[in-house]
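We name chains A, B, ... by the order of the sequence lines, and we start the count at 1 in each one. Note that this is a predicted model, so its numbers are computed, not measured.
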2 protein chains.
Amino acid sequence: MTMTRIPAVERRSALVAAALRVVAERGVAQATTRAIVAEAGMSLASFHYAFASRDELMAELIRHVVAREGAAILGDAEHTEPAPLRRILREGLQRYVDHLTSDPLREKAMLELTQWALRSPSMQPLARLQYERYHALAAEALGSAAARSGTLWLHPLPDLARLLVSLTDGLTIAWLVDNDEGATTALIDLAADTLAALGRPAEESPHR
Amino acid sequence: MTMTRIPAVERRSALVAAALRVVAERGVAQATTRAIVAEAGMSLASFHYAFASRDELMAELIRHVVAREGAAILGDAEHTEPAPLRRILREGLQRYVDHLTSDPLREKAMLELTQWALRSPSMQPLARLQYERYHALAAEALGSAAARSGTLWLHPLPDLARLLVSLTDGLTIAWLVDNDEGATTALIDLAADTLAALGRPAEESPHR
DNA sequence: GTCTATAAAGTGATAGAC
DNA sequence: GTCTATCACTTTATAGAC
């Protein structure tokens, strides 16, 4: 009748994965320890064997989602052939919207986790970490877009990155609220236009 | 020893006001009926005399904040003398940032209320209403900015409004996370530039 | 109408058997 | 290490005295 012995680290990651599913499906507020262990198929006591508290799990959950974030979102290392800046941006944004619409609960969860972290002073650094990562990913995507299109950005990359992240965050909220696909498509068209206007073609013969 | 008799409508609005303060100060999750009645100086039973449930109060709270929203945010009916579009936009965005930094908890509360509403099917229409209002306010502000600057927008006003709202939403989250004033200033500079590029000077003699 | 008291159903966390 | 059972507490909501 006794369950098999599972290393603590495995239990921890299983609980983190279960917690992410529960948060996505039902929200942070409903992600109780009981709901999480039920999702993970464990007993309540096992939870507290692996984690000292619910907050400790939530902190690990945020670290987890931040770490595995964004591989395939805005940037896409596959495409490297030259293309116009506007088209690269448009495709990157479309890729993000596709990601959002195909799994909206995931992005809803990310937003909720950020705001949950903002309510507790000890968790605030985690939210900060999360957005530093977003900004870094956006800067990287914009940098490679410039290289691919032979463009020179007319503004500091960090500023442009913050603009892009703010735009996608806002886009996400608006879509989660009204599910308006047409308006979202128009929005990323507009956004790609305006962002592309912030770059200028670099000199010819880029390396001499 | 008996408390004075207070009309139900007054109790309701007093509770809504108290709830808004509690949500701003401690977050939606901590806005329990007990915390709210304590803030309002009432007994718990009085709460349930005025409202059937906590959800009913929360719904009324959202309706309340949506209704009284945005009078003095982006648009500003005082200024009507002509000015360049870019400057009008820059000042409007700065006004929003001033509002945000002077009372960050209020904007944090608005974001939390939206996401709370998104978790319950019956409340989702309220979030929708909230964003319809945002978009309408933004469209109005952009329309009057165009008139004041003698500009013609090159894209449909609703699309531009959605862009502006998304931008300010994202800007808000980023600032709430890292409190980076310099980055926010750079962001609204950039945003004003890019938005202004979406308009063209109208023909001279605007009415003949 | 307004109160105190309490019901009924959660919650995070722990004790202690195995 | 893993379980069941339970503690101590909080939550929303209601009964019933006044």
Using a heavy-atom cut-off of under 4.0 Å over every strand shown, decide if A/Ser43 touches base, sugar-phosphate, or nothing.
-> base
Using 30° and 60° as the class limits, which term best fits the ring planes of B/Tyr96 and B/His99: parallel, tilted or perpendicular?
-> tilted
Could you check how far CG of A/Leu15 sits from C1' of D/dT2, rounded to whole Å?
-> 13 Å
Just by distance, with hydrogens left out, do A/Thr101 and A/Glu181 show a side-chain donor and acceptor under 3.5 Å apart?
-> no
Do any N or O atoms from the side chain of B/Arg148 and from the backbone of B/Glu81 form a donor-acceptor pair under 3.5 angstrom?
-> yes
Heavy-atom donor-acceptor pair, A/Arg34 side-chain to C/dG12 base, under 3.5 Å | yes
Whole Å only: how far is the CD atom of A/Glu10 from the C1' atom of D/dT2?
-> 15 Å
Counting only N and O atoms by type, is there a donor-acceptor contact under 3.5 Å from the side chain of A/Lys108 to the main-chain atoms of B/Leu118?
-> yes
Under 4.0 Å between a side-chain N or O of B/Arg11 and OP1 or OP2 of C/dT2?
-> yes
Check ion pair B/Arg128-A/Asp180 (N to O, under 4.0 angstrom) = no
Looking at D/dT2, D/dT14, C/dA13, which one has an atom nearest to any side-chain atom of A/Leu44?
-> C/dA13
Taking atom P of D/dT11 as reference, at what distance in whole Å does atom CG of B/Asp55 sit?
-> 16 Å
Looking at every strand, decide which applies to A/Ile6 at a 4.0 Å heavy-atom threshold: base, sugar-phosphate, or nothing.
-> sugar-phosphate
Check each of A/Leu164, A/Leu85, A/Ile188 against A/Leu195 using the side chain to side chain contact (heavy atoms under 4.5 Å, CB included) test, and report the only one that passes.
-> A/Leu164
Below 4.0 angstrom from OP1 or OP2 of D/dC3, is there any side-chain N or O of A/Ser46?
-> yes
Strand contacts (DNA chain D) in residues 47-54 of chain B, 4.0 angstrom heavy-atom criterion | B/His48, B/Ser53, B/Arg54
Output the single nucleotide from D/dT2, C/dT2, C/dT14 whose closest atom is nearest the side chain of A/Ala45.
-> C/dT14
Nucleotide nearest B/Thr32 when distance is taken to its side chain, options D/dT14, D/dT11, D/dT6 | D/dT11
Salt bridge present between A/Glu91 and A/Arg86 (N-O < 4.0 angstrom) | no
